[in-house]
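Just follow the structure's listing: the first ligand is 1, and inside any ligand the first atom is 1.
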Amino acid sequence: MKQVLTDLQLRDLRHVWHPCSQMKDYEAFPPIVIKKGQGVWLYDEHDQRYLDAVSSWWVNLFGHANPRISKALSEQAFTLEHTIFANFTHEPAIQLAEKLTALAPQGLHKVFFADNGSSAIEVALKMSFQYHMQTGKPAKKRFLALTDAYHGETIGALSIGGVGLYNEVYQPLLLDTVRAKGPDCFRCPFQEDPASCNAPCSQFVEEQLQAHHEEITAVIIEPLIQAAAGMKMYPPVYLQRLRALCSHYDVHFIADEIAVGFGRTGTLFACQQADIMPDFMCLSKGLTGGYLPLSVVLTTEQIYDAFYDDYGTMKAFLHSHSYSGNTLACRVALEVLTMFQEEQVMEMIQHKGQYMRALAMEAFCDMPYVGEYRQVGLVGAIELVKDRRTKEAFASEERIGYQIYQRALTKGLLIRPLGNVLYFMPPYIISEEEMSFMIHTTKETIEQFFQDRGAKVG
Ligand SMILES: *Cc1c(COP(=O)(O)O)cnc(C)c1O
């Protein structure tokens, strides 16, 4: 069926190359032009609205066009928008660094600013390598990462990523990463009960560390949820195991909290559920509540000190981005953290998480093709399977999740999937009524999709 495109859609397709898209798909499914946002809702040019159940790629925390954040941003814009950040500084960055180090796991006292998640990962990798080089361990130049890991899409970040969809093509360009099998609770090879699990699967990391620790500089991990892999969730004990292993083998522990930081998992940072301190913590996405690109890498005095010397020793960390420590972004992040403190956000997440879990368990647990509903904090995921008993997956070419997503859009719900996994990661300000709409519209869409598909297949 030929679509009638609006002027803006035509002009978009003439020049714009969209992220994470096969642009040919846009022939049948043109880009939706969003004119305004309010709370959890996005409004298109025909005033059709969509509930943003994925927080616009996991960045939004307090709703679109949030009055409090918008006001802070606007005031800052009329005072100072940006300044060079080498030799210069500004109050929003200083205050933000103070707040972050006070809220983060104890011991992370130093803050390095970058401007997006992937860049924060590059910073942590480079710092870890350079630290070891400058402290007498130059052989340490490989990173250990997990299967199904996602850490961003610049070349260094892709190298440690384990999702083939994103890095397969680029293999010839990538760093030589040590890969260990990560946790897989839905298809657990040890058949552990998550409630009493002691993370025997951490042995896969241990084996690699045993064999290669002399050349490994850091282990990098997404705490509690391997998000891009399909919201794969695992218990805190796994993090405790890895932390102990890293300390034992003198390998850094890099916590990539870019997706899970700022309350998503029910604690401000996911590492806090395991009560561990990483050597590096990377933050972005929710840091500015979905307003502006900004990222930070938090690290320890010990690591900082290995770079601190007379200029001539060339030990400095000479990494920079034009927009390092952007003033507007820092001011917005500061407002976001102040909201966490003043508006009882963690309690709200607890409460709404319980509400969402109850609704979702009721809606999805007995549905055909639903292998599992899982949730941590205010992140919920439905894993669709061909066969509930064997957990056999749908072939990715079938694009089951994608088709359900397209149908849900016609009902005013945005749930862009990850393969066969549909998930909910809504802004925290979502109301109970909106959560109910989100869950029930998803259920209805899945049901109708499989009914129609069944009728077609036979
Ligand atoms: C999104 C993400 C990144 C990359 O952040 P960008 O800002 O998209 O470069 C890195 N790690 C994790 C866990 C992420 O979810």
Checklist entry - Just by distance, do the side chain of Gln350 and the backbone of Gly266 share a donor-acceptor pair under 3.5 Å? => result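 Here the side-chain-to-backbone pair exists.
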
Checklist entry - Looking at Thr101, Thr300, Asp279, which one forms a side chain to side chain contact (heavy atoms under 4.5 Å, CB included) with Leu108? => result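 Result: among Thr101, Thr300, Asp279, Thr300 is the only option passing the side chain to side chain contact (heavy atoms under 4.5 Å, CB included) with Leu108.
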
For ligand 1, which of its N or O atoms have a protein N or O partner closer than 3.5 Å, and how long is each gap?
residue: ligand 1; atom: 7 (O); partner: Gly117; partner atom: N; Å: 2.8
residue: ligand 1; atom: 9 (O); partner: Ser118; partner atom: N; Å: 2.8
residue: ligand 1; atom: 9 (O); partner: Ser118; partner atom: OG; Å: 2.6
residue: ligand 1; atom: 11 (N); partner: Asp256; partner atom: OD1; Å: 3.4
residue: ligand 1; atom: 11 (N); partner: Asp256; partner atom: OD2; Å: 2.6
residue: ligand 1; atom: 15 (O); partner: Lys285; partner atom: NZ; Å: 2.6

Checklist entry - Is Lys141 close enough and on-axis enough to Phe129, meaning under 6.0 Å and within 45°, for cation-pi? => result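 Verdict for Phe129: no cation-pi partner in Lys141.
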
Next on the checklist: Can you list everything that forms a side chain to side chain contact (heavy atoms under 4.5 Å, CB included) with Glu122? Sequence neighbours excluded, please.
Outcome noted: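 Here the qualifying residues are Thr154, Ala157.
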
Checklist entry - Any chance the side chains of Thr327 and Arg331 put a donor and an acceptor closer than 3.5 Å? => result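 No.
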
Item to check | Distance-only polar pair, side chains of Ser56 and Asp52, donor-acceptor under 3.5 Å | outcome: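 Side chains of Ser56 and Asp52: pair found under 3.5 Å.
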
